[in-house]
S.K.: 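Here it is, the structure, as structure tokens.
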Amino acid sequence: MKALGKIRHKVDWATTLIPFFIVLVLMIVFMLVPEQSKVFVDTVRGFLGDTCGLYYALFGVAILTTTFYVSFSKYGKIKLGNIEKPEFSDFKWGTMIFTSTMAADILFYSLCEWALYGAEPHVTGMPGGMAAWAPTFTLFHWGPIAWCFYVILAIAFGFMMHVRKRDRQRFSEAVRPLLGNKSDGFWGKLIDIVAIFAIVCATATTFSLATPLLSKALASVLGIQDGVVLAITLLLIICAVYTLAVWFGVKGISKLATICSYMFFVLLFYFLFIGGETRFILETGFQSLGNLVQNFIGLSTYMDPLRETSFAQNWTIYYWAYWIVWCCATPFFIALISKGRTIRNMILGTYGWGLAGTFMSFIIIGNYGLAQELKHGVNISGYIGEGGSMYEAILKIFDTLPLPIFALMLLVITMMAFYSTTLDGITYVASSYSYKHLSADKEPDRKVRTFWSILLILFPIALLFAENSLYSIQSITLIAAFPVVILSLLCTISFFKDAKNYLKENN
């Protein structure tokens, strides 16, 4: 009881409970009136994605440019913390960056994104058609611009925690150099509530998209009935795993991330060398990287003003919003584990490890599926384009592998491990948000971490019950990302102001 009393006085109940009640209300609404909810979020998404698409696109280009400026400027030399060497080795640090971000989603989209573009005239009508541009767009949408949203905030949060040593790990503290004492009042509370709500939306989107694939794969392996009950059971198992891991703090997350990365390498090895399409996979990947580099500026600024296909609005803008929503959690975690590194090392390392893991997944797994369609006539993109399930289409890809049951089981285990590692990091960050004061050297109490472990699983369960479409789930992300752009800009301006003063203070 005394322990609970101590925690009660340390927790900021407004920023903890208000997002909880918002999620609870949304969960009930989505479950009781799914059709009306779908119409509403799709309408708002239409306005934000179509009318305000330039808002997200400009932000992406500006932030990518800013991160490289910081890296090679005087700010890049600032060391995050006064310890002699980094707390984690390069490998452990890199695996935590990749596996604790959106690795489960990356694995899911690696299997099917190229096929989703098969019904897009913008992709199929370009020179080289689907063979050249479907794998290029996957790398673009998960490439440098996507990762820059994490990087810019990791810079601000790392400087705040390890250099200035502030004892509040939240957005409102990161903007203190700009807002001053307003960070302690209404505006600070509002900023933190928006950030926590965005974390919940990001988690819900991730689970709602990929959990049905897990349940279908497991049902296929075990020969049991697939459905919402099985999907929710898997969610609860994942929740139990990451709750257990997060009890052991950052060290527990590090160990799980290392195990997860090894399983990921085994899956990549299976697709690359056992699937029999090694030459096609590597050559297509090499070609796609060249295509991406050659056309990067054009892809980054393409907006389709006449709305001939609306590809930019439906895909590129959605992806930027998708990554922006995750900015409320992942950059904090990257900053937390980067103590002892320079800002330049953290920037280039995050890009390096993040893009290496992402591109390996899309090149190897994605191009294997593309080979089955283009070389062997397995109609995957056509099946999805005619209204077929993405998840059934993915199972068609696995049916072409030797020992498909083994491959599916490997997928299930790897995705569950990825989910657990990703949610470890998010739970840790959300728990830190709940404290009025918590230095970067201290960990949130296990009871607070357990509370967030349970909370973060509720909204995905509601979306699974409501059986929302991909478009509607995307809409939730696009809406939640809108205010996060403003928060990110405030944090960036605050960093420059604070870092400039720091360099003056230290000559």
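Keep in mind that what you see is a predicted model, and the values were worked out from it rather than measured. Because only heavy atoms are used, hydrogens play no part in the values below, and waters and symmetry mates are left out as well, while side chains stay in.
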S.K.: Could you tell me whether the side chain of E373 and the main chain of I380 form a donor-acceptor pair under 3.5 Å?
M.R.: yes
S.K.: Go through the steps for Y351 and F68 under the test ring pair (Phe, Tyr, Trp, His ring centres under 6.0 Å), then give the verdict.
M.R.: CA-CA 10 Å; Y351 276 125; F68 282 105; 5.1 Å; yes
S.K.: Please find out if less than 6.0 Å separates the ring center of H141 from that of Y109.
M.R.: no
S.K.: Would you say Y302 has more than 12 foreign heavy atoms packed within less than 6.0 Å of its OH?
M.R.: yes
S.K.: Does the gap between the ring centers of F495 and F157 come in under 6.0 Å?
M.R.: no
S.K.: Is the distance between the ring centroids of F362 and W114 under 6.0 Å?
M.R.: no
S.K.: List the steps, then state whether side chain to side chain donor-acceptor pair (under 3.5 Å) holds for T138 with Y117.
M.R.: CA-CA 9 Å; T138 60; Y117 297 149; over 6 Å; no
S.K.: State whether the number of non-hydrogen atoms from other residues, nucleotides or ligands found under 6.0 Å of K79 atom NZ is greater than 12.
M.R.: yes
S.K.: Could you list the residues that satisfy salt bridge (Lys or Arg N to Asp or Glu O under 4.0 Å) with D399, not counting sequence neighbours?
M.R.: none
S.K.: Contact between T66 and F496 at the side-chain level, heavy atoms closer than 4.5 Å - yes or no?
M.R.: yes
S.K.: Could you grab the distance from atom CD1 of I317 to atom CG of D50, nearest 0.5 Å is fine?
M.R.: 10.0 Å
S.K.: Between T284 and S288, is there a side-chain heavy-atom distance shorter than 4.5 Å?
M.R.: yes
S.K.: Which residues satisfy the salt bridge (Lys or Arg N to Asp or Glu O under 4.0 Å) test with R341, sequence neighbours excluded?
M.R.: D90
S.K.: Measuring only between side-chain heavy atoms, which start at C-beta, is L139 closer than 4.5 Å to I363?
M.R.: yes
S.K.: Which pair of heavy atoms, one from L401 and one from A407, lies closest together, and at what distance?
M.R.: CD1-CB, 3.8 Å
S.K.: Counting C-beta onward and ignoring hydrogens, is there a side-chain heavy-atom pair between N295 and F140 closer than 4.5 Å?
M.R.: no
S.K.: Could you tell me whether the side chain of S488 reaches within less than 4.5 Å of the side chain of F59, counting heavy atoms only?
M.R.: yes
S.K.: Could you check if a side-chain atom of M130 sits within less than 4.5 angstrom of a side-chain atom of F137, using non-hydrogen atoms only?
M.R.: no
S.K.: For the residue pair Y56 and T316, establish whether any side-chain heavy-atom pair is separated by less than 4.5 Å.
M.R.: no
S.K.: How about Y55 and W320: do any of their side-chain heavy atoms sit closer than 4.5 Å?
M.R.: no
S.K.: Please identify which of these residues, W353, F359, F264, meets the ring-ring contact (aromatic ring centres under 6.0 Å, His included) condition with F98.
M.R.: F264
S.K.: Should the ring pair W315 and Y318 be called parallel, tilted or perpendicular, given that the plane angle runs from 0 to 90° and is split at 30 and 60?
M.R.: perpendicular
